[in-house]
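Down below is the structure, laid out as structure tokens.
Counting convention: from 1, in listed order, for ligands and their atoms alike.
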Amino acid sequence: MHLNSPPQRAPVTYVPVSMQKQLAANRRAIAGKPYERFFLPEIEVPAEGARLLRAGPMPREQTLTPSIADLGRLIDHAPDFPDHGYALLDGPTAYAQSRVVMPDVTTGMFEWWFTWHPIEKERYMLWFPQAHVDNSVVDPARLADTSLSYAERLYDNPNAIDEFIGPSSLKIVIHFAPPASLGLDEDALRRAGLTTSASGTIRVADAPDTTFMVMLHLARDTRAGMELFSRYWIGAHPEFVRFPGGRDAPALLSRLGMDTDGIERLAYEMAVHDMTEFAQLGRILPDVFATFGPT
Ligand code: ZN
């Protein structure tokens with residue numbers, strides 16, 4: 001295969017029944033919207049990514065924790081990790097990771113997407129037609145205010161999400177936050193060219209004071225397109241004590257009845273969800289931005 005040829009894609013052949021039904025509801029919701037033609041349910045994933053995920057959990061030495069030291073390792077060695085993977089970590093914690101290159105996408109488009117899509121839940125459905133249900137922010141006027149910077153619009157503007165991760169519904173609130181507040185070294189990010197972040201802590205909707213999940217999306221522009229590195233930790237990792245209410249995560253896990261097996265299944269489902277939605281976003285974003293982005 002030539003180095004520059006695009007990665008082979010594989011159609012997604014398994015969709016949980018709950019997501020099949022959601023697709024029908026989303027199709028009705030989006031009918032008549034000006035962006036309806038970008039609602040493309042024939043989802044595909046990179047064939048190699050699918051192979052990596054179905055080979056089983058990653059070896060522990062290839063995984064990272066949300067410690068400050070490991071976040072530093074991520075910044076300095078981001079491309080050295082497998083492009084897709086999942087694992088069960090201490091806590092227990094579901095861990096998922098990915099590296100995605102999106103041809104014809106820039107970090108500017110990616111930042112725009114994060115300020116544009118939560119304004120209407122149907123826009124969010126474009127990103128994953130079978131899995132995305134609802135999306136809103138506390139202050140939509142600020143999110144839409146183009147006189148403000150990306151950081152001013154996104155941070156401290158809690159983002160309520162309703163989506164399926166595998167067969168299970170997940171209702172969460174994302175608190176997007178400045179990278180430094182999560183323990184990411186801003187100078188190191190700059191040196192690595194990772195100029196864009198859509199990262200934060202996440203709480204479940206009915207336990208709004210307990211960090212239950214930490215998510216990183218770090219991106220840079222390359223000649224091949226935008227390169228995105230993502231990490232998810234979901235559960236009760238010991239390092240969560242660094243984050244708001246993280247100390248209460250173990251109690252929350254037991255209240256939710258999530259055991260080690262369930263957490264490991266969630267890690268795999270999160271990795272599949274991430275791989276699918278970022279393949280889809282890479283496919284639609286250049287055209288969506290060209291049509292609805294700033295002129
Ligand atoms: Zn999603």
For [Y], is there an ion pair with [X] - N to carboxylate O distance below 4.0 angstrom?
{"X": "D70", "Y": "R73", "value": "yes"}
{"X": "R51", "Y": "E48", "value": "yes"}
{"X": "E227", "Y": "R99", "value": "yes"}
{"X": "E120", "Y": "K33", "value": "yes"}

Just give me the atom name: the N, O or S atom of E163 closest to the Zn ion (ligand 1).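 In E163, the N, O or S atom with the shortest distance to the Zn ion (ligand 1) is OE1.
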Of all N/O/S atoms in E277, which lies nearest to the Zn ion (ligand 1)?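 Closest to the Zn ion (ligand 1) among those atoms: OE1.
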What do you get for the angle at the Zn ion (ligand 1) between NE2 on H132 and NE2 on H273, to the nearest 10 degrees? 110°
